[in-house]
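The structure under discussion appears below in the form of structure tokens.
Letters go in sequence order (proteins before strands), and every chain restarts at 1.
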Amino acid sequence: MSTPITTPELPRSYDPAAIEPSIRDIWTQSDLGHVNAPLPQGSTPFAVLMPPPNVTSILHLGHALGATLQDVIVRHARMRGMETLWMPGTDHAGIATQTAVERRLLQDGKRRSDYTREAFVDIIHEWKDEYGAAILSQLRELGASCDWPRTRFTMDPVCAAAVREAFFQLFDEGLIFRGKRLVNWDPATETALADDEVEMEDVKGHMYYLRYPLSDGSGHVTVATTRPETMLGDTGVAINPEDPRAASLKGKKIMLPIVGREIPIVEDEYVIMSGQGDDPKAAFATGFLKVTPAHDPNDWEIGQRHDLEAINVMGPDASISDKHGWEDISEEARCFLGLSREDARTAIIEWFRKHELLEEIRDYDHAVGHSYRSHVPIEPYLSDQWFVRVTDDRLRGEAMRSINPEQYDGTPPPRETGSREGDGELSFSAPRYARSFQQWHENLRDWCISRQLWWGHRIPVWSKVLKFSEAGTPPTDLGNGMTDQTSWCQAPFCDRADDTLSIRLQIDRENEEVRILACVGRDAESIESDLEAAGFAQDNDVLDTWFSSALWPISTMGWPAPSAFPETEGLLEAFNPSSTLSTAREIITLWVSRMVMFNRFFRDGRLPFRDVYIHPTIQDGFGQKMSKSLGNGVDPRDIIESHGTDALRFIMTQLATSTQDVRLPLDLVCPFTGKTFTPEFITSSTGHQVTAPIQKSPDDPNRTMVTVYGQLSGTATATDEEPLARNSSSKFDSGRSFVNKFWNAARFALARSESPGTVDSLKSLGIIDRWMLSRIHRARRTIDAAIDSYQFNTCAEAVYDLVWRDFCDWYLESIKPTVADDAAQRQVLLTSLDVISRLLHPICPFVTEALWPHVQAMGSPGLPELGIKPSDSVSLASWPETDGLHDEEAEQQFERIKEIVNSIRRARADHDVPPRTKLTMAMPASLRSVIDPVQPAMLAMCTLEKIIDLGDEDGIQVHVEGQIIHLLGGDDEVDAESERARLQDRISELRKSIGALKGRLGNPGYVEKAPAHLVEETRKTLEQSEADLVTAEDSLRKLGA
RNA sequence: GGGCGAUUAGCUCAGUUGGCUAGAGCGCUUCGUUUACACCGAAGAUGUCGCUGGUUCGAGUCCGGCAUCGCUCACCA
């Protein structure tokens, strides 16, 4: 038969750049990933929930990892025949995007206040369009098989409807409230932040000791503080009741310096006594604590307990101000007005020093909350904000009860009545993350959801403030704050409440005012205009991004009204809950928790997903987290360009272990020469290791280039003369090699599998073919188990070993001499290639898709006992059913063959037999029975002339299974000296191991307690070793030792 | 300070209910380009599995202690 040596249309090496675009087109044309809903009867739904990336900036390798793993899961599920939904989308990321846009505007010297709200939002929209498109295109390049027609953005109408409905329901249920609270305030962006948007940073500061005179002139007390500027708002001084000085100070008052405010001394157990207890603060404490309820959360609590006034002495920008609640300002204090908090601190200290009231200043290191966006210190700030009462059992309790009981520490708070769908069905991989989830909920506080931003979902509440004289005086038992009792109030709308209007009142007794809060549901524009006509105004604030993110699992599927968005009909029923959420660690609290609470609340206890897989964090070469803001993020497209997408995906899969984060040392690609080199690094102003903004070409120091960090940090701009250097990393080399290896194996297999025969029974096949098929079966099982348990590295390893070790190294080498004349073997070869392509596809979709038509064109692959359905695209091909391929006997036989081949190769190398010298192998009958059925393979793999029965020949001795094989026909005499040395080494090695084995078997504990099969195995090994020892000793004797 | 994780070959990392005479990739040494692939093949070297006690017939794996590194929560007296 005249098989061509190579297939001409396939080039000698895999060129991803030339092939990938057309493969993407194939998937686009076939609408791969698009699911039609409602699902047909009898189908099995499977969904992965994609965390929508922020439109702040393009994706980096951390996202590429997440996307790759999700796509592996999704492609695997799809091939297994499930109706598989993976919906793509992006998140508007309120504060993050707004800050990014403001930063860009600032480069042109413009500020937010230079624009109207509408104009500014338009600018952000442009940014969103640009980056949103870039992100989606990155995902496509990665090969993500999403349901593209269903792409969503968190501010799409369907998502806005969900936000509106969710807010309305929560408001109506009393789970959303408005109140004056101390919140985390970011004075740079002038917005409130949630607790988890605050990052603690260590600060080298000072402890200031201030003397506060007693009003009666009988002396002073000394308070310790790190924030002297807040003293303007002090309304008390606290002392521990146990403090011996407390008694004599009872009832006394302080005359607050500068301000001239007379403030009480109160007793509170919260106060640490100087030098006592375990608290490290005790070493710095004086026993007297200045209490500033409006500027410190702990002081706020003390203030509540002792009925102290909260006097806010700052404006929203954290400068000293008497316009936000400070009414008793003195002449002395006026000179501090308008100072920033930093300047005010200096000025106050100077005042105390001048008046000899400054006792001491000591160095003090402590952690201070900073905004995770603007990175300025957070100001605890008293303001009116909106909150979700997540501490309510209907939210927090449901989240806690959803945890898989095996992963819960203790028992969750009980439900009042019985159990419910969703209870205990949420599992984390790795399980330890369930603990973080649990602990987060145990310490939960109400969630501040209002943001003083322009970019986001606006709060759907209209309000109007009325004096008691207009509205009526509220019954005294209603107290201060929010109430749903509206009957006493004579304001318009108070008697109106229906499916789209919910009224709450916020009572302010001090000012004798009531704020009427009217929450409007969706599709009720007429009510909105009625309200506005009556003088109500919509709240200016927008919602925390995570409010809409929390609804992502259901809003994208059309909740609450799929009929209003017909393309979403049937999705909720089929895909809520979804199967898996794959996300990063830091998102567990910000997002996972809130999705669970909301999904369960709005969907009768149903979970948003059942499994949460936490993937590793990608770090740079210095162990720093890869991030957009740090500027060390690598665009996956750089790697796609340097190594190909499959190589990137393969390495990402291989890196995903359950414990380790991933370090990726980076290289640069010189734009002039294409050469990869290690860049120079510098320490940035934030103390991080980053690439120097400008790098020299490794070949020509006169030519320079700009790095991504240079570009992002604004310190360098790429030009034609000084172009941008793309990133790369040698970490991906082995992935590229792997893909190329498979490509060439396929080329070879295709060239050898013309006119494949029909196989009637697997038993009619030879050992080599049966072995290959059994290995395929094993790999398939390993891959399935690995993906099902999110052990992606195991999956990658199984695929690698199957392709490279089993298929290339052994199978292809073994069949070379026979395949041309064996039609059945050609069928096995072709079918193996078909099945391996399927198994490899989820990880390496491009190369497998590129080869697929060539495989199918060779005939119709197939074997008895093997379930594979034909398909035009491997992405839609069935996942192989391989159970019938399992062949224990063939595997064992082939293992023996491999061992014999290895021994012969080793012996040839040891004896320096030239690689092309063909030897004659003389072997005993017992081994011939193993080798004879595969003689052609044996001759080829060991470069042998022929195989004969063992006689009295001399020659190179090979010891296998306690037997001797002789290799004849080497040109040179065997070097007796080195042969002796080799044998002696071998003998001492064997003696050592025999000693160990005998010791083990001589131990009664082992023989009695260890599993029988292990003891049996040990005995066999011992027997074998002893036989090997005898052979080796014999040989040594013959050499005449 | 609380919690979690890591420490295995020169480097990056596997090693899932204890059975290991501890693996992979890269790198290194030697040899090999007529015959799929040099993004290749063959052969080889390299480890007191952080330290220290304990449980066990048996510990890289389980338990206690210590050391170093990382993450996270708390902490503006």
For a quick check of understanding: with a heavy-atom distance under 4.0 Å over all strands, which category does [X] fall into, base, sugar-phosphate or nothing?
X         : answer
A/Tyr270  : base
A/Val271  : base
A/Arg435  : nothing
A/Asp733  : nothing
A/Arg906  : sugar-phosphate
A/Asp910  : nothing
A/Tyr433  : nothing
A/Tyr800  : sugar-phosphate
A/Pro1011 : base
A/Arg908  : nothing

Just the rounded figure in Å: distance from [atom2] of [N] to [atom1] of [X].
X        : N      : atom1 : atom2 : result
A/Ile378 : B/rA74 : CD1   : C1'   : 16 Å
A/Ile651 : B/rA14 : CD1   : P     : 14 Å
A/Asp620 : B/rC71 : CG    : P     : 12 Å
A/Ile815 : B/rA36 : CD1   : P     : 12 Å
A/Phe807 : B/rC40 : CZ    : C1'   : 16 Å
A/Arg905 : B/rA42 : CZ    : P     : 6 Å
A/Asp912 : B/rU30 : CG    : P     : 14 Å
A/Gln619 : B/rA6  : CD    : P     : 14 Å

Quick check on RNA chain B: between A/Leu997 and A/Asp299, whose nearest nucleotide comes earlier from the 5' end?
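Looking at RNA chain B, the more 5' nearest nucleotide goes with A/Leu997.
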Mapping A/Val368 and A/Glu797 to their closest nucleotides on RNA chain B, which lands nearer the 5' end?
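The residue closer to the strand's 5' end, by nearest nucleotide, is A/Glu797.
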[options]: which one has an atom nearest the side-chain heavy atoms of [X]?
X         : options                : answer
A/Ser13   : B/rC57, B/rC39, B/rC76 : B/rC39
A/Ala1010 : B/rA77, B/rA38, B/rG19 : B/rG19
A/Phe748  : B/rA77, B/rA36, B/rC57 : B/rA36
A/Asn744  : B/rC37, B/rA42, B/rA43 : B/rC37
A/Arg227  : B/rC37, B/rG19, B/rC76 : B/rC76
A/Cys808  : B/rG32, B/rU21, B/rA36 : B/rA36

What do the steps show when you test A/Ile239 against A/Leu289 for side-chain contact (heavy atoms from CB on, under 4.5 Å), and what is the final call?
CA-CA 7 Å; A/Ile239 182 170; A/Leu289 179 63; over 6 Å; no
Measure from NZ or CZ of A/Lys741 to the centre of the six-membered ring of A/Tyr14, then state whether that distance is under 6.0 Å and the direction lies within 45° of the axis.
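Not satisfied by the 6.0 Å and 45° rule.
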Hey, is the main chain of [Y] close enough, under 3.5 Å, to the side chain of [X] for a donor-acceptor pair?
X        : Y        : result
A/Arg826 : A/Val819 : yes
A/Asp646 : A/Val847 : yes
A/Asn740 : A/Arg736 : no

Polar side-chain contact [X]-[N] base: donor and acceptor under 3.5 Å:
X        : N      : value
A/Glu586 : B/rU72 : no
A/Lys741 : B/rC39 : no
A/Glu813 : B/rA36 : yes

A/Asn443 vs B/rA74: side-chain N/O to OP1/OP2 distance below 4.0 Å
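Checking A/Asn443 against B/rA74: no side-chain N or O falls below 4.0 Å of OP1 or OP2.
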Using the P atom on both, measure B/rG65 against B/rA77 and round to a whole Å.
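Pairwise P distance, B/rG65 against B/rA77, rounds to 34 Å.
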When rounded to the nearest Å, what value does the distance between C1' atoms of B/rA22 and B/rA9 take?
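Between the two C1' atoms, the distance is 11 Å.
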I would like to know whether A/Glu359 and A/Leu210 meet side-chain contact (heavy atoms from CB on, under 4.5 Å); could you show each step before the answer?
CA-CA 6 Å; A/Glu359 193 166 291; A/Leu210 308 180; over 6 Å; no
side-chain contact (heavy atoms from CB on, under 4.5 Å) between A/His295 and A/Glu229, worked out:
CA-CA 10 Å; A/His295 292 281; A/Glu229 67 278 13; over 6 Å; no
Could you please name the partner base of B/rA6, counting Watson-Crick and G-U wobble pairs only when both distances are under 3.5 Å?
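Pairing partner, where one exists within any strand: B/rU68.
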